[in-house]
Amino acid sequence: MTQQVLSNATIFDGAELEAIRGYLVIRDGKIKKISEGSPPGRATDLKRGFILPPFVNAHTHVADSVAKELYLGRTQQEVVGPGGEKFRALDSHSRSELLTSVRATLQDMFRTGTLAHCDFREGGVKGVKLLREASHKVVKSIIMGRFSTLEELNGVLKKSDGIGLPSLNAFDAKVLQLIANQTRQAKKLLSVHVAELAPTLDEVERALELRPSFIVHATHANEEDFVSLQKNDVPVVFCPRANSLLSVGPPSIHLAIANKVRFYLGTDNAMVCQPNMFEEISFSWACLRRADPKAGGEEARKLLQAATIGPLKLFNLPWGPVEEEGIATFMVLTRGNNLTNLTNLYAGLINRARSDNIRAIYMRGKIL
Ligand SMILES: [Zn+2]
């Protein structure tokens, strides 16, 4: 029975990420104890560092990393719309080039504290297989497949974790219902890009008719839309950096919080920005503060939840919050030169922490 004790830390405990100053005991891959104060025996001194759950990136397109910055001088539609630059880029690179690029991107995710991502993978069964083959030894890929004809739907459902529709205009309403029903029957996830561009023309209402597992973007969703999302208990994945870089504007994270909508964060197209959750959470905070000067520590805590433990159940991931009897999967951040003198831990962390603060990532009690 091997035991490790990490002391002199701030531990973000449980589903509420309650900050506890003290120590944590790991035994047999599990967290045996979290306590305030100092441990009785030998321990590794974290020198006032932080223990928190790893990031989950709830929306990516990692294969786009094969052609970065192609959005320059182009509108969102010209980049990622039907027949856009992105699809030309995916088609014009070989399978091995795509594999190399995806692998490098997954490794970058790992180096920046992300242990799982949910990817919208284009290209039918072949596209899904490519990401499975590229898979990282640690970072778990939840793959939402895409198909161009209905004949392909079953094949994609078999190989993927669900269906990620490009938009509500990809098929007519009846076909969309059929896709939604088949996806539910297969017990897979269903999602769709919604209301990324204004005007939204009831997009959120139309999406809710499909009873999706979650929707992506809701950049131009209004208050009424957020009320509907809350009523239907459908979570939203916001992608603020990609939205801004593609000139479609920042999402209304403050409305999601005000209306108690479950929300998570994603980095979207790797062509547009790196899947670095430290940067996404910091940018999200800036978007939130831009819209709501009253946003404070409580809102910052909600953003930290959204980027870490929020989507764990949705994606059925094999770890939970940092808590006693929980799986010992977490990140250890050092104070560094940037995280000292914080007057609010949550706001300070999400605004200032960087990947160079990562001291270790633990999975089931082992340092990766
Ligand atoms: Zn997307």
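Atoms within a ligand are numbered from 1 in the order they appear, just like the ligands themselves. Each residue takes its place number in the sequence, starting with 1.
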message = Can you confirm whether E224 is buried at CD, in the sense that more than 12 heavy atoms of other residues, nucleotides or ligands lie under 6.0 Å from that atom?
response = no
ask   = Salt bridge check: are R132 and D161 linked by an N-O gap of less than 4.0 Å?
value = yes
ask   = Does atom CZ of R352 have more than 12 heavy-atom neighbours from other groups under 6.0 Å away?
value = no
query = Can you tell me if H193 has an N, O or S atom under 2.8 Å away from the Zn ion (ligand 1)?
reply = yes
query = Do any of the N/O/S atoms of H59, backbone or side chain, fall under 2.8 Å from the Zn ion (ligand 1)?
reply = yes
message = Check this for me: K188, atom NZ, are more than 12 non-hydrogen atoms of other residues, nucleotides or ligands nearer than 6.0 Å?
response = yes
ask   = Roughly, to 10 degrees, what angle do D268 atom OD1 and H61 atom NE2 form around the Zn ion (ligand 1)?
value = 90°
